[in-house]
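Lettering of chains follows the sequences in order, A, B, ..., and the numbering in each one begins at 1. Values in this document were obtained by computation on a predicted structure and should not be read as measured data.
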Amino acid sequence: GESVGLHLPTLSVQEGDNSIINCAYSNSASDYFIWYKQESGKGPQFIIDIRSNMDKRQGQRVTVLLNKTVKHLSLQIAATQPGDSAVYFCAERGNNAGNMLTFGGGTRLMVKP
Amino acid sequence: EPEVTQTPSHQVTQMGQEVILRCVPISNHLYFYWYRQILGQKVEFLVSFYNNEISEKSEIFDDQFSVERPDGSNFTLKIRSTKLEDSAMYFCASRDNSDGYTFGSGTRLTVV
């Protein structure tokens, strides 16, 4: 079936460095993608989203890049801070009646002080 | 900022018992969802609900599960005859007509 997956399960970065978290998706019909941050014991927290008609979107310290040719999504976090330590999930919305999201496997970001 | 509220935060139940997980979606939202996350795994879709009926459900959402919107504010997930493998975090989410999906903080269900 269609799936969303992540390349790296754990990413460790130094405080102040930039982080890049990657995601591969397989459903070419997906029209909308979201990055979520999940801290321990909490629900997914929206970070940034992008529609399939865009290839880049910037937020505060975060940038999402979408490459539809290779079905790849990335999240860039500038000047990573200890508070950024969490598990990051990408999610896609495919062409389905319920407009539900399909989540990837998650990447744990660890920020070293 | 509006929130999706879930209760209880933690539920412990004996195998074979029925549980009801409760959610209060954001008041002007129209689309409602239940997801679950087994410890250490990814978030999995269970069911979507719109206009007082299920719009889509996953293979996980079998006859053991049901959802209901008993009044104008609550959205519930009932799990009948719970099994050990039902132990997970259960997340409710809601959405308005835009792309804004908002998740609750989840209910940790432990089946013993």
| task | Inspect the surroundings of CD in B/E85 and state if more than 12 heavy atoms from other residues, nucleotides or ligands are less than 6.0 Å away. | result | yes
| request: Find out if a path of hydrophobic residues (ILVMFWY) with successive side-chain heavy-atom gaps under 4.5 Å connects A/M110 to A/V87. | output: no
| query | Just wondering, do A/Y36 and B/V43 contact through their side chains at under 4.5 Å, heavy atoms? | reply | no
| request: Would you mind reporting whether A/T102 and B/F45 have side-chain heavy atoms less than 4.5 Å apart? | output: no
| A/F89 to B/K42 - nearest heavy-atom pair and separation | CE2-CA, 4.0 Å
| task | Could you go through the side chain to side chain contact (heavy atoms under 4.5 Å, CB included) check for B/Q37 and A/F103 one step at a time? | result | CA-CA 10 Å; B/Q37 184 179 32; A/F103 283 79; over 6 Å; no
| Should A/Q38 and B/F91 count as side-chain neighbours, where that means a heavy-atom distance under 4.5 Å? | yes
| task | Please state whether the side chain, the backbone, both or neither of B/Q6 comes within less than 4.5 Å of a heavy atom of chain A. | result | neither
| query | What part of B/S55 is in contact with chain A, defined as an atom under 4.5 angstrom from a non-hydrogen atom: side chain, backbone, both or neither? | reply | both
| Under a 4.5 Å side-chain heavy-atom rule over Ile, Leu, Val, Met, Phe, Trp and Tyr, are B/I20 and B/Y90 clustered together? | no
| task | Would you please name every residue forming a ring-ring contact (aromatic ring centres under 6.0 Å, His included) with A/Y32, sequence neighbours left out? | result | none
| field | CD/B/Q64: more than 12 non-hydrogen atoms of other groups inside 6.0 Å | value | yes
| request: Please state whether the side chain, the backbone, both or neither of B/Y35 comes within less than 4.5 Å of a heavy atom of chain A. | output: side chain
| field | Distance (rounded to the nearest 0.5 Å) between B/Y31 OH and A/M100 CE | value | 15.0 Å
| said: Check for me, please, whether A/V111 and A/W35 land in the same ILVMFWY cluster - side-chain distances under 4.5 Å, paths through other members count. | reply: yes
| query | What part of B/Y33 lies closer than 4.5 angstrom to a heavy atom of chain A: side chain, backbone, both or neither? | reply | side chain
| query | For B/Q14, what residues pass the side chain to side chain contact (heavy atoms under 4.5 Å, CB included) criterion, not counting sequence neighbours? | reply | B/Q17, B/V112
| query | In terms of heavy-atom contacts, does CG of B/D62 have more than 12 from other residues, nucleotides or ligands at under 6.0 Å? | reply | yes
| Do the side chains of B/L21 and B/V4 join up, straight or via other hydrophobic residues, at under 4.5 Å, putting them in one cluster? | no
| said: Which residues in residues 42-61 of chain A have any heavy atom closer than 4.5 Å to a heavy atom of chain B? | reply: A/K42, A/G43, A/P44, A/R51
| request: Under 4.5 Å heavy-atom distance to chain B, tell me which part of A/L101 shows up: side chain, backbone, both or neither. | output: both
| task | Among B/S48, B/S9, B/G106, single out the residue with the greatest number of heavy-atom pairs under 4.5 Å to chain A. | result | B/S48
| B/V19 reachable from B/L84 in the ILVMFWY side-chain graph, under 4.5 Å edges | yes
| B/R108 CZ: over 12 foreign heavy atoms closer than 6.0 Å | no
| request: Quick one: which residue pairs count as a salt bridge (Lys or Arg N to Asp or Glu O under 4.0 Å) with a foot in residues 9-22 of chain A, not counting sequence neighbours? | output: none
